[in-house]
Amino acid sequence: MSRVWPWLCAASVALSFLMLAALLTLLLSRGLGHFWPATLESVTLDSGEVIAGEAVRETPLPHRDGEERLYFTGNRDLDSQRWRWVAIERIAERSTPRELVRLERSPWGDFIGYLRAFESQGSRLEGDAAWRALTTALTLPAVERPDATLILQSAGGETLRQPLNAIHRAQRPNAMSWWEKTQFWSQGVWQFLSEGPRAANTGGGVWPAIFGTILMVIVMSVIVMPFGVLAAIYLNEIAHQGRLTRLVRIGVRNLAGVPSIVYGVFGLGVFVYGIGSSLDEWFFSDSLPSPTFGTGGLLWASLTLALLTLPVVIVATEEGLARIPDAQREGAVALGATRFEMLTRVVMPMAAPAMLTAVILAIARAAGEVAPLMLVGVAKLAPQMPVDGEFPYLHLERKFMHLGYHIFDTAFHGEDVQAAIPLVYATALLLVVIVLVLNLTAIFLRHHLRRQRGQPC
């Protein structure tokens, strides 16, 4: 039996790595693959109807033999739909014309069809000249673009006049080389990371959500780190180790298992409605009945998550303190150090790896929490960033965006959930990468500090 356990342990580790690899593979392929320029098809049906779009997937036909293919056709302003299921047996002809274009625009979403002309200041360009004029104009800042109109035509022959100022990006994927597609993909990834959302979070980027997530985690860390570390030092180094201390430890460990939504309810009732409403009455009475601190915001969200992660910091820090041999404490006292000097110069430096690990694990958990944030300050779209150039520069009362909530809102409350699925995968990948980086940072920091102090790794 003793020979079986190592194999079971190794198999468990291997299975965990396989599951993690499968998750990352799914997120990478579905998330980053969204930004790759997909081939556009022109499809002629047996009825003579012509449609154009991106082939997404195929599924068996219900109740009969055969398959049907889902096409993303865009052009919601022309036929009130973006998707089209087509039975494969109805397809008479398929082709990939080089002239097919895909335009990302607001507010109607993507257009898929043909660019017939580019009209600007009385001039009219057609064909490749129109395409070159469009791509040149899109490289300019929005305020410098000419007042132009695009003459577009759908695959079915309908004509549309589209103002240039509503176009965000344009592509002709069937005419692009592999290098051009790579450049377009990298631009799409960069815009996803650096721009704000649009079209009810089904387009654009997630920069406000990234900024809000990181800022909230920083504020939360500043709050939870001193309280958690000091509480752990008191329980392990100062408090009498009796029944009361054991009960406190049991309570702290039980708090780590409380559902996060309960912390959200507590934050809403105590921080928002209790403390926040009182602050409004004392200091912001001129703004009432419009609340300042009496509504959800960055401060209350950070405090709520600080409470949620406080047990993690206390338990991990106390375990690190418990691993320090008593001989180190006794030696420091024997050499004439006071208890305070023994704690600050001997115990805390030796426990620094455990403290760092505790704080960063708390950060990793807080970065992925969603349920409590929905009650205490997160927003679908934040009208103002919590940090700006106006005094006091950091506005703790403002609402903010969060990557976890952005995933939830985009997946379940978007106007086109099917179109938002790739962005959900991409945002989930970004959140997973952030959490993985934080956890790996904790491991490497702990390893480095232990090696510096000659402790076993």
Side-chain angles (χ1 to χ4, degrees), residues 34-43 49-54 56 71-84 95-176 180-181 183-184 187-188 191-192 195-205 414-416 418-420 422-423:
H34 166 68
F35 304 103
W36 187 262
T39 301
L40 299 178
E41 297 183 3
S42 177
V43 180
E49 181 184 3
V50 181
I51 63 172
E54 173 191 348
V56 178
Y71 282 96
F72 176 74
T73 58
N75 304 356
R76 186 163 62 94
D77 48 340
L78 296 179
D79 51 17
S80 300
Q81 59 181 353
R82 297 180 179 179
W83 305 89
R84 178 78 177 268
S95 61
T96 55
R98 294 172 56 85
E99 297 79 15
L100 271 177
V101 302
R102 182 171 183 168
L103 306 178
E104 298 178 20
R105 55 185 184 148
S106 297
W108 294 106
D110 289 6
F111 170 85
I112 297 177
Y114 299 93
L115 174 63
R116 295 307 184 194
F118 182 96
E119 297 180 350
S120 175
Q121 299 177 351
S123 63
R124 177 184 175 94
L125 301 175
E126 299 180 353
D128 290 339
W131 174 252
R132 287 192 296 271
L134 172 60
T135 54
T136 301
L138 291 179
T139 60
L140 301 174
V143 295
E144 298 179 12
R145 293 178 185 175
D147 185 13
T149 301
L150 310 181
I151 309 300
L152 307 175
Q153 186 179 42
S154 68
E158 297 178 272
T159 302
L160 174 68
R161 296 180 63 86
Q162 176 67 56
L164 175 64
N165 57 15
I167 304 295
H168 301 288
R169 290 208 302 169
Q171 56 173 298
R172 287 203 298 186
N174 299 344
M176 297 170 71
E180 290 173 333
K181 288 187 176 182
Q183 289 181 310
F184 192 87
Q187 292 172 0
Q191 290 180 359
F192 175 72
E195 294 184 354
R198 61 175 185 270
N201 289 346
T202 60
E415 60 180 12
D416 190 344
Q418 183 70 32
L423 292 178

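We use all heavy atoms of the structure for the numbers below, so side chains are in, but hydrogens, waters and symmetry mates are not.
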Exercise for review: Under the salt bridge (charged side-chain N to carboxylate O under 4.0 Å, His left out) rule, what do R172 and D128 come out as? Steps first, then yes or no, please.
Suggested key: CA-CA 11 Å; R172 287 203 298 186; D128 290 339; 3.7 Å; yes
Exercise for review: Check the pair D77, R105 against side-chain contact (heavy atoms from CB on, under 4.5 Å), reporting the backbone distance first and the verdict last.
Suggested key: CA-CA 11 Å; D77 48 340; R105 55 185 184 148; 2.7 Å; yes
Exercise for review: With rounding to the nearest 0.5 Å, note down the distance linking CG in L423 to CZ in F192.
Suggested key: 6.0 Å
Check your understanding: So do the side chains of L134 and L115 get within less than 4.5 Å of each other, counting heavy atoms only?
Key -> yes
Revision key, fill the gap. Closest heavy-atom pair, F111 versus S154, reported as atoms and distance to 0.1 Å, is CZ-N, 4.1 Å
Exercise for review: Assess whether side-chain contact (heavy atoms from CB on, under 4.5 Å) is satisfied between L138 and I167, documenting all intermediate values.
Suggested key: CA-CA 8 Å; L138 291 179; I167 304 295; 3.9 Å; yes
Practice item. Would you check if the side chain of N75 reaches a backbone N or O of I112 as a donor-acceptor pair within less than 3.5 Å? Key: yes
Point to revise | Greater than 12 external heavy atoms within 6.0 Å of R124's CZ | key: yes
Practice item. Tell me, please, whether F184 has R169 positioned over its six-membered ring: NZ or CZ under 6.0 Å from the ring centre and within 45 degrees of its axis? Key: yes
Exercise for review: Mark yes or no for whether T136, through its side chain, and A133, through its backbone, hold a donor-acceptor pair below 3.5 Å.
Suggested key: no
Point to revise | Heavy-atom closest pair, residues P37 and P173 | key: CB-CB, 3.9 Å
Review point. Between R145 and L140, is there a donor-acceptor pair closer than 3.5 Å when you use the side chain of the first and the backbone of the second?
Key: yes
Review point. Between A137 and L164, what is the shortest heavy-atom contact and its length?
Key: CB-CD2, 3.8 Å
Review point. Quick one: do E49 and R84 make a salt bridge, cutoff under 4.0 Å?
Key: yes
Practice item. Any chance you could measure S80, atom OG, to W108, atom CH2, to the nearest 0.5 Å? Key: 7.5 Å
Study note, to complete from the structure: Looking only at heavy atoms, the pair that brings L103 and A170 closest together is CD2-CB, 3.3 Å
Point to revise | Stepwise side-chain contact (heavy atoms from CB on, under 4.5 Å) test for T149 and S120 | key: CA-CA 7 Å; T149 301; S120 175; over 6 Å; no
Review point. Are S106 and H168 side-chain neighbours, meaning at least one heavy-atom pair lies under 4.5 Å?
Key: yes
Point to revise | E119 vs R161, side-chain contact (heavy atoms from CB on, under 4.5 Å): CA-CA, chis, key distance, verdict | key: CA-CA 10 Å; E119 297 180 350; R161 296 180 63 86; 3.2 Å; yes
Check your understanding: Atom CZ of R132 and atom CZ of F118: how far apart are they, to the nearest 0.5 Å?
Key -> 12.5 Å
Review point. For the side chain of N174 and the backbone of P97, is there at least one donor-acceptor N/O pair under 3.5 Å apart?
Key: yes
Point to revise | Separation between CG of D110 and CD of E54, rounded to the nearest 0.5 Å | key: 9.0 Å
Exercise for review: Could you tell me whether W83 and Y71 have their ring centroids closer than 6.0 angstrom?
Suggested key: no
Exercise for review: Could you tell me which non-hydrogen atom of A175 sits nearest to which non-hydrogen atom of E180, and how far apart they are?
Suggested key: O-OE1, 3.9 Å
**Study point:** Rounded distance [0.5 Å steps], CG in L152 versus OG1 in T159
**Key:** 9.0 Å
Check your understanding: CG/L160 to CD1/I151 distance, rounded to the nearest 0.5 angstrom?
Key -> 8.5 Å
Check your understanding: Can a donor-acceptor pair be found between the side chains of R76 and Q81 at a distance below 3.5 Å?
Key -> no
Review point. Counting N and O atoms only, with roles assigned by atom type, does the side chain of T73 sit under 3.5 Å from a partner on the main chain of R82, one being a donor and the other an acceptor?
Key: yes
Exercise for review: Indicate whether any N or O donor in one side chain lies under 3.5 Å from an N or O acceptor in the other, for Q171 and R102.
Suggested key: no
Exercise for review: Would you name the heavy atoms of V56 and F72 that are closest together and state the gap between them?
Suggested key: CG2-N, 4.0 Å
